[in-house]
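Read the structure below first, then the notes.
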Amino acid sequence: EFIHPVPIRSRRKSKTRGPLSLSEKVAIVHKMLVQFEYQKDVAKEFRIGQSVVTSLIKKARTNPPFLQELKSHVDAK
């Protein structure tokens, strides 16, 4: 198949990120609660905002079934 050449300026990386998968949510919560990494670093690694990291941590701390639900979904896959 012939692929048309794409101008260099058209090859931009998308600034928006797709939705977080369950395994990514578990990884974020683990890095924050177990490994004690900074929110800024975790947010940069996963290309999300600090507010998303904060909301996941808050959910995990105030609602223990949330964390169990995340773990069970990851284990089921």
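All residue numbers in this chain count up from 1 along the given sequence. Since the model is a prediction, treat every value here as computed from it, not as a measurement.
The shortest side-chain heavy-atom distance between I28 and V52 does not fall under the 4.5 Å cut-off. For the pair L56 and L20, the minimum side-chain heavy-atom distance is below 4.5 Å. A heavy-atom distance below 4.5 Å is not found between the side chains of V42 and I48.
Note that CD of E37 and CG of D41 are 6.5 Å apart. Values are rounded to the nearest 0.5 Å. Atoms CD and NZ, from Q39 and K44 in turn, are 14.0 Å apart once rounded to the nearest 0.5 Å.
A search for salt bridge (charged side-chain N to carboxylate O under 4.0 Å, His left out) contacts involving K31 returns E45, not counting sequence neighbours. When the side chain to side chain contact (heavy atoms under 4.5 Å, CB included) test is applied to S21, the partners found at least two apart in sequence or on another chain are S23, E24.
A chain of hydrophobic side-chain contacts below 4.5 Å, direct or via other Ile, Leu, Val, Met, Phe, Trp or Tyr residues, connects F66 to L33.
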